[in-house]
Protein chains: 2
Amino acid sequence: MNLTPAEIRQLCRIGEFASPTAGLAPGYVQANLVILPKDLAFDFVLFCLRNPKPCPILYVTDMGKSEPGMFAPGADLRTDLPRYCVFRHGELLEELTDISTYWRDDFVCFLIGCSFTFEGAMLRAGVPVRQIEEQKNVPMYRTNIQCVSAGPFSGPLVVSMRPVSPSDAIRAVEITSRYPRVHGAPIHLGDPAPLGIQDLNRPDYGDAVTINDGEIPVFWACGVTTQAALLAARPELAITHAPGHMFVTDMKDEELGN
Amino acid sequence: MNLTPAEIRQLCRIGEFASPTAGLAPGYVQANLVILPKDLAFDFVLFCLRNPKPCPILYVTDMGKSEPGMFAPGADLRTDLPRYCVFRHGELLEELTDISTYWRDDFVCFLIGCSFTFEGAMLRAGVPVRQIEEQKNVPMYRTNIQCVSAGPFSGPLVVSMRPVSPSDAIRAVEITSRYPRVHGAPIHLGDPAPLGIQDLNRPDYGDAVTINDGEIPVFWACGVTTQAALLAARPELAITHAPGHMFVTDMKDEELGN
């Protein structure tokens, strides 16, 4: 399948694509989506700005607008993702493929950077990404590091982990440093104990992956941090992309790189 | 004078320092300040996020709070800058050294990155910074590039210019790329015509500087963009640092670098 971002969004819009987006439109930025009522949006912006490594904001819409600016002119964030989750007071209410019926004039939409962008850069540089090799979800862990809070939003930093050789760890730092708007450089490598992680084989989210002899775990700030802080605040209503079902933008990965 | 950031802020607070901050506390981040009522703050955040090169947000306070978080724990943005400007409907009302009497519970404070940080890095790498050599203000120009607007905030991109040799221009790109939170890499180099700049000797703000034979002008997005867009929106009330009289933080320049 070799669809453009606009073609993928059009298929989502007419209800003919509702699957995960990993691997689609390679080279184009995919983004996490969060939709909140305006009365919470300001505090949510502050939370993201105070925790830029886990929560890198790519774009915020005007109140009541669902077009994501320069990231995809003409797109509609109410219909152009493959699948959404609707939460009431932090509890999942339903998953659906079009949120037009939930739309309100006081909604603000956030696009937040996703690790797909830096994983693409790692792969192009020959650095292996284990969970892709093993066709799993990346393993993610809640750490003992608390985010800087803002209004009702707070919670632990969640990290994703990719095991690589020491030389590839150095390359991975170099490569991902170029992408501060999609989590940037790792926050830790080696012994997981300082992060409060007891057992790498028991991730809090996603799947455990193989760590070969001679490899070290490398930890990046993860977008799940944002989702966890969002839901812990138990907002009256919040809408996000469904896990893995991202918004595919017209922005090229390289346009986000330094 | 070899004062720490905390000592400088304390002297500001007790009214014993009210001068420009260029060159003070070398190695520490200095920041632009904007204070706005909450009802404009959300649109102002959106404007900054949509124009991250001229308007890189470092920190936003909770409404009614004047402590700038991890950038200077215990500091007070109402008293700890050397000098402030108060604007009503976009017109300068007064300059003063303490804004406590203007303070309102609906105020939100923004710290925005400043080029002092990347100029320090250039100097450490041996790349000359002409306006520092000539003890002038950096020359700044309004360009024909329009910022992405948000609510009442819009206007042209303003750039600062530093002339260097071609090889130093390459170094300057490398060096300033590491600091996306303080304007990052240049946006243009060479012929000023594509930016709509007619005469480099007649800057719109600041002072003209010498351009030697064999040097090329290098243009960076400039924080004056933010101030121009702010005042063009004619907000009921807005407070900023006075030009050159920045907020001196406890954050090291290198902590902002990639």
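Because the structure is predicted, anything quoted here is derived from the model rather than measured. So you know, we letter chains A, B, ... as the sequences are listed, proteins then strands, and number each from 1. Heavy atoms only: backbone and side chains are in, while hydrogens, waters and symmetry mates are out.
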Asks: Could you name each residue pair satisfying ring pair (Phe, Tyr, Trp, His ring centres under 6.0 Å) that touches residues 149-177 of chain B, not counting sequence neighbours?
Replies: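 Applying ring pair (Phe, Tyr, Trp, His ring centres under 6.0 Å) to every pair that reaches into residues 149-177 of chain B, excluding sequence neighbours, yields B:F44-B:F153.
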
Asks: Quick check - list every chain A-chain B donor-acceptor pair under 3.5 angstrom, one line each.
Replies:
{"from": "A:R50", "atom 1": "NE", "to": "B:Y59", "atom 2": "OH", "distance (Å)": "3.3"}
{"from": "A:R50", "atom 1": "NE", "to": "B:V60", "atom 2": "O", "distance (Å)": "3.4"}
{"from": "A:R50", "atom 1": "NH1", "to": "B:D62", "atom 2": "OD1", "distance (Å)": "3.3"}
{"from": "A:R50", "atom 1": "NH2", "to": "B:V60", "atom 2": "O", "distance (Å)": "2.7"}
{"from": "A:R50", "atom 1": "NH2", "to": "B:D62", "atom 2": "OD1", "distance (Å)": "3.1"}
{"from": "A:Y59", "atom 1": "OH", "to": "B:R50", "atom 2": "NE", "distance (Å)": "3.4"}
{"from": "A:V60", "atom 1": "O", "to": "B:R50", "atom 2": "NE", "distance (Å)": "3.4"}
{"from": "A:V60", "atom 1": "O", "to": "B:R50", "atom 2": "NH2", "distance (Å)": "2.7"}
{"from": "A:D62", "atom 1": "OD1", "to": "B:R50", "atom 2": "NH1", "distance (Å)": "3.3"}
{"from": "A:D62", "atom 1": "OD1", "to": "B:R50", "atom 2": "NH2", "distance (Å)": "3.2"}

Asks: Answer with side chain, backbone, both or neither: which region of A:V60 has an atom nearer than 4.5 Å to a non-hydrogen atom of chain B?
Replies: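 A:V60 touches chain B through backbone and side-chain heavy atoms alike.
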
Asks: Write out all pairs satisfying salt bridge (Lys or Arg N to Asp or Glu O under 4.0 Å) with one or both partners inside residues 144-155 of chain A, taking only residues at least two apart or from two chains.
Replies: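 Checked against salt bridge (Lys or Arg N to Asp or Glu O under 4.0 Å) - neighbours excluded - no pair reaches residues 144-155 of chain A.
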
Asks: According to side chain to side chain contact (heavy atoms under 4.5 Å, CB included), who are the partners of A:P192, at least two apart in sequence or on a separate chain?
Replies: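 In terms of side chain to side chain contact (heavy atoms under 4.5 Å, CB included), with neighbours along the sequence ignored, A:P192 is linked to A:I197, A:L200, A:F219.
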
Asks: Nearest 0.5 Å please: distance from the CG atom of B:L46 over to the CD1 atom of A:I57.
Replies: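 So the CG of B:L46 and the CD1 of A:I57 are separated by 9.0 Å.
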
